[in-house]
2 protein chains.
Amino acid sequence: MDAIDQSILRALQSDSSRSIAELAEIVGASTSSCHRRIKSLESAGFIAGYSAVLDPQRLGLKLHAFVEITLESQSRGAMESFEKAVCGFDDILECHLTTGQADYILRLAAHDLEQFDRVHRECLSLLPGVSAMRSSFAIRTIKQWRGYPTG
Amino acid sequence: MDAIDQSILRALQSDSSRSIAELAEIVGASTSSCHRRIKSLESAGFIAGYSAVLDPQRLGLKLHAFVEITLESQSRGAMESFEKAVCGFDDILECHLTTGQADYILRLAAHDLEQFDRVHRECLSLLPGVSAMRSSFAIRTIKQWRGYPTG
DNA sequence: ATCGATTGATCGATGGCGTCCATAATTTCC
DNA sequence: GGAAATTATGGACGCCATCGATCAATCGAT
């Protein structure tokens, strides 16, 4: 994991459709060296995979929401059934068990308020064992997630 | 945007390294049709790009944090200088202006508590105009973000 | 029935990917 | 310090996937 590897990771995070030749020029290495480094970064597990980045706006997902959820009970059973239910809903993009006020933080995407209301009724309100729920909508994205810092 | 396009988007979100032939088989279309559809999804803006998915654990980023921030003033100037400062820090992965209790929600990644403390001192505490800050750490990820729902 | 759009098959050309080998650099051991 | 061993590097080449184009067939709507 030297500077060139980090540079490769950074470049691949921002655009993985580049050819190895382009990449090699960017990071300042030969194509074969670059190729080998990529393969070893893959097999070492630094690169988990490759993915297309979709535009949520273009998909009509104009509403992003964060929901903090507190459970009535932190018993193992309550948590497990809550988590299982969460995983079953496609509209819940993300879910983390957290420290702090709430127990869980969810992240949702929806087309509009109307659909969010539907998600709320058909999904959030069906989650078991919830005692409190606090939603925040994203009004504007200041900084978009575009990969992890590489060091 | 029919069922096949949605299927292509889903497949490309989960793994964009597949060949067109593989993809065509998955979605049940011919290679040429699949190729055409991908190109048109790209030029229509549904696909914003392609990216390597890194493993944060493997990069040593074992700590994920959500930070809610309330500003002292919601004046235009205060918000602009806050947002500008946020964009300058690599450790802040994401930042959204939100409705609800707080004004902003940030998302951070760090190697460990020690580094988070450093980020806290050298980054969070330098953000201008902050009146309150509430951090939550992700203890465990229940559901990992792996792309948007397509339909 | 007709027109337009989409499909699937095929082909050719380009260019990227992966492998090879010889060389250079680094480490290891005496 | 020097030689051997191991590893990393860079250039070259063959194979294959991608890409754009073409064309007949099919589907769908008016």
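By convention in this document, chain letters (A, B, ...) are assigned in the order of the sequence lines, proteins followed by strands, and residues within each chain are numbered from 1.
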If you round to the nearest 0.5 Å, how far is CG of B:L93 from NE2 of B:H64?
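Spacing of NE2 (B:H64) from CG (B:L93) equals 8.0 Å.
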Spatial distance of atom CE (A:M79) from atom CG (A:L71) [nearest 0.5 Å]
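A:M79 CE to A:L71 CG: 7.0 Å, rounded to 0.5 Å.
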Which nucleotide in D:dC19, C:dT7, D:dG10 has an atom nearest any side-chain atom of B:S33
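Per side-chain heavy atoms of B:S33, the pick is C:dT7.
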Looking only at side-chain atoms of A:R36, point me to the closest of C:dG18, C:dG8, D:dG10.
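Of the candidates, D:dG10 comes closest.
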Measure from the side-chain N and O atoms of B:T70 to the backbone N and O of B:A102, and report whether any donor-acceptor pair falls under 3.5 Å.
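Not confirmed, B:T70 side chain does not pair with B:A102 backbone.
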Closer than 3.5 angstrom, by distance alone: can the side chain of B:S125 be matched with the main-chain N or O of B:H120 as a donor-acceptor pair?
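Side chain of B:S125 to backbone of B:H120: a pair is present.
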Specify the separation, in whole Å, of atom [atom1] of [X] and atom [atom2] of [N].
{"X": "B:D5", "N": "C:dT7", "atom1": "CG", "atom2": "C1'", "value": "13 Å"}
{"X": "B:E25", "N": "C:dG8", "atom1": "CD", "atom2": "C1'", "value": "16 Å"}
{"X": "A:M1", "N": "D:dA8", "atom1": "CE", "atom2": "C1'", "value": "17 Å"}
{"X": "B:I38", "N": "C:dT6", "atom1": "CD1", "atom2": "C1'", "value": "16 Å"}

Phosphate contact (D:dC19 OP1 or OP2) by B:K39 side-chain N/O below 4.0 Å:
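Indeed, a polar side-chain atom of B:K39 lies that close.
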Is the shortest side-chain N/O distance from A:H35 to OP1 or OP2 of C:dG18 below 4.0 Å?
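For A:H35, the contact criterion (side-chain N or O under 4.0 Å from OP1 or OP2 of C:dG18) is met.
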Suppose the criterion is salt bridge (Lys or Arg N to Asp or Glu O under 4.0 Å): which pairs have a residue in residues 94-116 of chain B, not counting sequence neighbours?
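As it turns out, the salt bridge (Lys or Arg N to Asp or Glu O under 4.0 Å) pairs with a partner in residues 94-116 of chain B, which skip direct neighbours, are A:E94-B:R107, A:R107-B:E94, B:E94-B:R107.
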Inter- and intrachain pairs under salt bridge (Lys or Arg N to Asp or Glu O under 4.0 Å), touching residues 40-66 of chain A, at least two apart:
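Checked against salt bridge (Lys or Arg N to Asp or Glu O under 4.0 Å) - neighbours excluded - the pairs reaching residues 40-66 of chain A are A:K39-A:E42.
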B:I105, B:V130: one ILVMFWY side-chain cluster at the under-4.5 Å cut-off?
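No.
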Nucleic acid contacts of residues 12-24 of chain B, taken as heavy-atom distances under 4.0 Å to DNA chain C
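Heavy-atom cutoff 4.0 Å gives no residues at all.
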With axes from five pairs an end, tell me the bend angle of the helix from C:dA1-D:dT30 to C:dC30-D:dG1, nearest 10°.
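About 50° separates the two local helix axes.
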Pairs meeting criterion side-chain hydrogen bond (donor to acceptor under 3.5 Å, both in side chains) with involvement of residues 137-151 of chain A, two or more places apart:
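For residues 137-151 of chain A: A:R10-A:T150, A:R140-B:E83, A:T141-B:H96.
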Considering residues at least two apart in sequence or located in another chain, which fulfil the salt bridge (charged side-chain N to carboxylate O under 4.0 Å, His left out) criterion with A:D117?
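Partners of A:D117 by the salt bridge (charged side-chain N to carboxylate O under 4.0 Å, His left out) criterion, ordered by chain and then number, come out as A:R121.
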